[in-house]
Amino acid sequence: MELTLSEAIADYIEQRKQTKLEPLQKARDKVLEKSDDATEISMAKSQYHEAAAPIEAAFKPTEWLTDAAKRAKQISLATHAAKFTHSDAKGSSILVTAIEQQNLGYITTASLESKAIDAVGNAAALDVAKLLKITIHGESLIDQLQNKHVDALKAFTDDKALLNQWQLGFEKALGDEKRSGHTLTKQLYYPVNLEGNDAEKYHLLCPLFSSSLAHELHKQVTKTRFGESKNIRDARKKGHFHQVLDENFPATAVQNFGGSKPQNISQLNSERYGQSFLLNCAPPTYQAQSKPPLTSASIFNREFGFKTSMLIREFKAFLTGLTEQDRNFKTRYKRDYGFVQPLLDSLFNHAVQIQSLIEHAGWANNTESKMKHEHALWLDVNNPSATFQTAREKGDWLEVVANDFSLWLLRKLENKQHYLLGDVEQQYFKKLCLHELKAFERHTPKLGEQ
């Protein structure tokens, strides 16, 4: 047989009492189990009854409800709480339960059919909030208070004056008598001119955090990660089919409220251990479509410059810091293998990306192509034109590409205030590039070899 709301309230008060009595009962039972001395047993029972008597008296339903009604003003039931903005904010929290749902295309508090009600205020009075939120058959004391009656409490007293006292006391938990903002809450002054004159007037708007919406989101996200969905999650990890739809919330962030004392923010925040999930609202990331460099005159274009900018910056810093004492093998080795070789590796990686565009083979023959002919011979390796492949096989383009690399590198490294680079360095960089380029070309799959 299902409980009525009155019976559920009575059970709640009894549970609260038993929680208080439990430590006393354990202490008494410990003595009873260990001792056979009648005096000790009698003393243990006497101490228990002495300590339990005031608790029994305080938790008589009429006594406890009277005390709870007095303490109700210490809390505010809310769907939107001010303390989430700042833990010391003293502004009003708002309880909004009846909202006309409109299909605006956004998920808001109004989208929730059943809104979890939070409690803000003195953490020591949160037991009153739990009392008011007890729901049986879709009805709670909150609903009765909003409808201006407390029929569920009539089972505990016939005194109408006491019943009215309870109602007035518990109503104070439904919201502040006078709503107010606070310096620590967000405040927006919105200009209005209600009377049509030139006088400046404002509406003060205080956006409040929706604890009800955060609680529902937390519940939904947690449900997909723990509990009964384990079989679905296991199937997803193993790549197996599962007949039930897999729901998950990827890339969520966690916002914490209240630090080590989440109960100081609100009751629901304490139930969530201070956590509130944030959905990923970052814009989608797109991978750029790989296209042949028709509009570039050289492989050493802006895109390649961007890819090598960090290496160039480090190379310039290295050259700037050199002194006469650094004219040795160790410095030359670091120059070649610490800077020039990584730049050549970047060049070849960039070239491979272009050479891999098999679906665009023959792009160098396009009349719109501005690419230097020798560079195109290197990059359009799958060009179906026999004339193009004949020119490519001659290998004359290797010298041109290596020379262009050395000129590009000198231009990027130019810093006349600290050092001078000339023909000797240019020829050396060309030599290094040509050697590596020939090796790269020997391992490049030719037309028909893929």
Side-chain angles (χ1 to χ4, degrees), residues 1-25 51-79 81 93-98 112-177 211-212 215-216 219 263 266-272:
M1 182 177 177
E2 293 187 12
L3 295 176
T4 63
L5 182 55
S6 299
E7 291 170 339
I9 292 172
D11 281 353
Y12 174 72
I13 297 172
E14 181 64 24
Q15 289 171 10
R16 296 286 303 171
K17 182 181 75 173
Q18 290 303 322
T19 302
K20 295 285 186 180
L21 290 176
E22 188 174 354
L24 302 177
Q25 292 170 345
I55 297 175
E56 294 280 359
F59 279 88
K60 288 181 179 179
T62 53
E63 295 295 330
W64 191 87
L65 288 170
T66 301
D67 177 66
K70 292 177 181 178
R71 293 186 292 123
K73 63 183 179 182
Q74 300 177 27
I75 60 168
S76 291
L77 297 175
T79 51
S93 297
I94 305 298
L95 175 63
V96 183
T97 54
L112 305 177
E113 293 183 2
S114 177
K115 301 173 186 61
I117 297 178
D118 208 344
V120 181
N122 185 1
L126 290 180
D127 58 325
V128 181
K130 292 180 180 179
L131 167 75
L132 297 176
K133 293 197 292 181
I134 294 172
T135 303
I136 299 295
H137 302 307
E139 185 181 37
S140 66
L141 272 178
I142 296 174
D143 299 318
Q144 292 191 358
L145 289 167
Q146 289 177 330
N147 292 323
K148 302 301 180 183
H149 70 86
V150 281
D151 290 348
L153 301 183
K154 289 181 178 179
F156 302 103
T157 183
D158 295 325
D159 188 339
K160 292 184 178 180
L162 182 58
L163 200 63
N164 186 57
Q165 179 185 334
W166 290 349
Q167 182 175 343
L168 293 175
F170 288 131
E171 281 179 350
K172 292 180 180 178
L174 299 184
D176 298 335
E177 294 180 4
S211 183
S212 298
H215 198 69
E216 181 64 24
K219 184 169 69 174
Q263 69 275 13
S266 76
Q267 183 186 23
L268 292 184
N269 186 62
S270 180
E271 291 181 14
R272 298 191 295 267

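The structure presented is a predicted model; accordingly, all values stated were derived computationally and were not measured.
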Write down the atom of Asp127, the atom of Tyr12, and the distance for their closest heavy-atom approach.
O-OH, 2.7 Å
Using only atom types and a distance under 3.5 Å, with no angle test, would you say the side chain of Gln144 pairs donor to acceptor with the backbone of Ala152?
yes
Of all heavy-atom pairs between Ala129 and Ala119, which one has the smallest distance, and what is that distance?
CB-CB, 3.4 Å
Which pair of non-hydrogen atoms, one from Leu131 and one from Trp64, has the smallest distance, and what is that distance?
CD2-CZ3, 3.7 Å
Measure the CG-CD1 distance between Leu77 and Ile142 for me, rounded to the nearest 0.5 Å.
4.5 Å
Minimal non-hydrogen separation, Gln165 against Ala69, with atom names:
O-CB, 4.4 Å
Donor-acceptor pair, distance only, cut-off 3.5 Å: does the side chain of Glu7 make one with the backbone of Thr4?
yes
Is it the case that the side chain of Thr79 and the backbone of Ser212 share a donor-acceptor pair, with hydrogens and angles ignored and the cut-off at 3.5 Å?
no
For the side chain of Asp118 and the backbone of Gln267, is there at least one donor-acceptor N/O pair under 3.5 Å apart?
yes
Starting at CD of Glu271, measure out to CG of Leu126 and round the result to the nearest 0.5 Å.
9.5 Å
For Lys133, is the NZ atom crowded, meaning more than 12 foreign heavy atoms sit under 6.0 Å from it?
yes
Going by distance alone, is a donor N or O of one side chain under 3.5 Å from an acceptor N or O of the other, for Gln18 and Glu22?
no
Shortest non-hydrogen contact between Val96 and Lys115, atoms and distance
O-CD, 3.6 Å
Please check if the side chain of Asp143 supplies one atom and the backbone of Ser140 the other of a donor-acceptor pair under 3.5 Å.
yes
List the steps and the verdict of side chain to side chain contact (heavy atoms under 4.5 Å, CB included) for Leu5 and His137.
CA-CA 8 Å; Leu5 182 55; His137 302 307; over 6 Å; no
Between Asp151 and Lys154, does at least one N-O distance fall below 4.0 Å, as a salt bridge requires?
yes
How about NZ on Lys70, more than 12 heavy atoms from neighbouring residues, nucleotides or ligands closer than 6.0 Å, or not?
no
So which atom in Leu65 and which in Phe170 form the shortest heavy-atom distance, rounded to 0.1 Å?
O-CZ, 3.8 Å
Heavy atoms of other groups near Asn147 CG, more than 12 under 6.0 Å:
yes
Just do the side chain to side chain contact (heavy atoms under 4.5 Å, CB included) check on Thr19 and Arg16 with the steps written out, would you?
CA-CA 5 Å; Thr19 302; Arg16 296 286 303 171; 5.6 Å; no
